[in-house]
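Report on the following structure.
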Amino acid sequence: MASVNKIIKSILNVNDVVIDNASLDLNERNEKVLKVHLHPQKKEMARCPICGCKCSIYDRTPKERMWRGLDAGGLIVELYYRVNRVVCPNHNVIVESVPWAFHNSGFTKDFDMVASFIALATNKTMAAKYMRCDWKTILRSLTRTRNYIEPDPKKRLDGLVNIGIDETSYCNGHNYITVVVNHDTNTVVWVGLGHSTETLSEFFELLT
Ligand SMILES: [Zn+2]
């Protein structure tokens with residue numbers, strides 16, 4: 001039989017952590033909240049969030065930080081941990097990375113990615129309603145997810161041989177964008193506002 005810790009780790013969908021304890025609570029809006037106190041396993045503790053190198057610990061925050069996770073069975077999920085500040089040889093004193101969240105985020109990776117998926121499949125207002133957060137959170141989730149999936153968008157232009165160019169309108173045909181695709185990989189490599197020669201020149205100027 002699976003232990004309670006294993007079940008909670010599965011609900012959180014996160015590896016390399018140790019669950020310290022978990023409790024059920026009610027928040028100020030009378031919603032049920034699953035509060036999970038946890039910490040990274042030793043091998044994942046005190047790592048720089050930028051370069052990932054193992055660092056020495058500088059100090060520890062006196063209070064636990066909270067991350068909002070994906071809802072589970074109607075429960076709001078919150079993760080708690082007292083983060084360390086670490087000394088990275090490349091990035092000086094910096095808050096350590098945690099396995100469940102992107103750097104500088106108050107939400108888990110899963111939250112960010114699901115919020116982004118819903119926002120792209122529907123719209124930001126719908127995503128905010130579904131995720132029970134405000135739309136500015138959705139914007140930040142989209143940015144973090146994009147940075148994770150594609151840290152360097154300029155690489156899209158590497159090895160470009162066969163391209164297709166098209167224009168499409170938005171706002172009921174009042175505004176246009178120019179879209180360039182890579183026919184070899186079937187991916188969009190560039191989008192520019194407008195549909196003039198100048199717009200397309202912006203794309204060609206990016207090429208070496
Ligand atoms: Zn670093």
Side-chain angles (χ1 to χ4, degrees), residues 10-16 44 47-53 67-72 77 79 88 90-91 94-95 97-208:
S10 297
I11 290 171
L12 299 180
N13 188 30
V14 66
N15 294 320
D16 304 322
E44 289 305 319
R47 285 196 180 275
C48 171
I50 298 170
C51 62
C53 80
W67 291 261
R68 170 92 189 273
L70 272 183
D71 290 358
V77 174
L79 283 65
C88 171
N90 306 310
H91 301 102
I94 191 164
V95 174
S97 70
V98 289
W100 54 85
F102 298 123
H103 182 44
N104 271 342
S105 170
F107 297 82
T108 63
K109 291 175 183 174
D110 276 5
F111 184 101
D112 280 340
M113 287 196 273
V114 171
S116 301
F117 173 79
I118 295 170
L120 292 173
T122 59
N123 56 57
K124 290 189 270 298
T125 308
M126 187 64 77
K129 252 186 191 171
Y130 182 81
M131 302 301 290
R132 296 198 259 183
C133 64
D134 62 275
W135 67 270
K136 281 183 183 169
T137 296
I138 301 294
L139 284 183
R140 288 190 282 266
S141 287
L142 280 163
T143 304
R144 288 189 291 264
T145 303
R146 189 196 59 205
N147 291 342
Y148 169 68
I149 291 172
E150 191 175 38
D152 185 5
K154 282 183 184 159
K155 284 198 172 154
R156 289 184 201 178
L157 303 178
D158 290 354
L160 206 53
V161 179
N162 298 302
I163 62 168
I165 301 166
D166 205 356
E167 61 187 37
T168 187
S169 65
Y170 63 101
C171 289
N172 297 323
H174 292 295
N175 296 306
Y176 280 84
I177 52 169
T178 299
V179 182
V180 181
V181 296
N182 181 343
H183 277 316
D184 296 316
T185 57
N186 283 330
T187 50
V188 172
V189 291
W190 187 82
V191 177
L193 282 175
H195 59 151
S196 62
T197 311
E198 288 75 33
T199 304
L200 201 53
S201 300
E202 289 172 32
F203 166 71
F204 284 113
E205 276 163 24
L206 291 173
L207 300 178
T208 54

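Worth knowing before you read on, the calculation uses all heavy atoms, side chains too, and leaves out hydrogens, waters and symmetry mates. Only a predicted model underlies this, so the values are computations on that prediction, with no experimental measurement involved.
The side-chain heavy atoms of L193 and T199, taken from C-beta on, include no pair separated by under 4.5 Å. Proximity of S105 to F111: side-chain heavy atoms (C-beta onward) are nowhere separated by under 4.5 Å. Put simply, the side chain of F203 does not reach to within 4.5 Å of the side chain of T178, judged on heavy atoms. Here the side chains of L160 and V189 are in contact, with some heavy-atom distance below 4.5 Å. With contacts defined as side-chain heavy-atom distances shorter than 4.5 Å, the pair W67/V98 qualifies. Annotation: side chain of V77 is not in contact with side chain of L70 (no heavy-atom distance under 4.5 Å).
With hydrogens and angles ignored, the 3.5 Å screen pairs a side-chain donor or acceptor of R47 with a backbone N or O of G52.
Sorted by first and then second residue, the side-chain hydrogen bond (donor to acceptor under 3.5 Å, both in side chains) pairs involving residues 185-194 (not counting sequence neighbours) are N182-T185, T185-T187.
Taking R146 as the reference, nothing meets the salt bridge (charged side-chain N to carboxylate O under 4.0 Å, His left out) condition, with sequence neighbours excluded.
The two residues P49 and S97 have their closest heavy-atom pair at CA-CB, 3.6 Å. Nearest heavy atoms, C51 versus C48: N-SG, 3.4 Å. Scanning both residues, D112 and S141, for their nearest heavy atoms gives OD1-OG, 2.7 Å.
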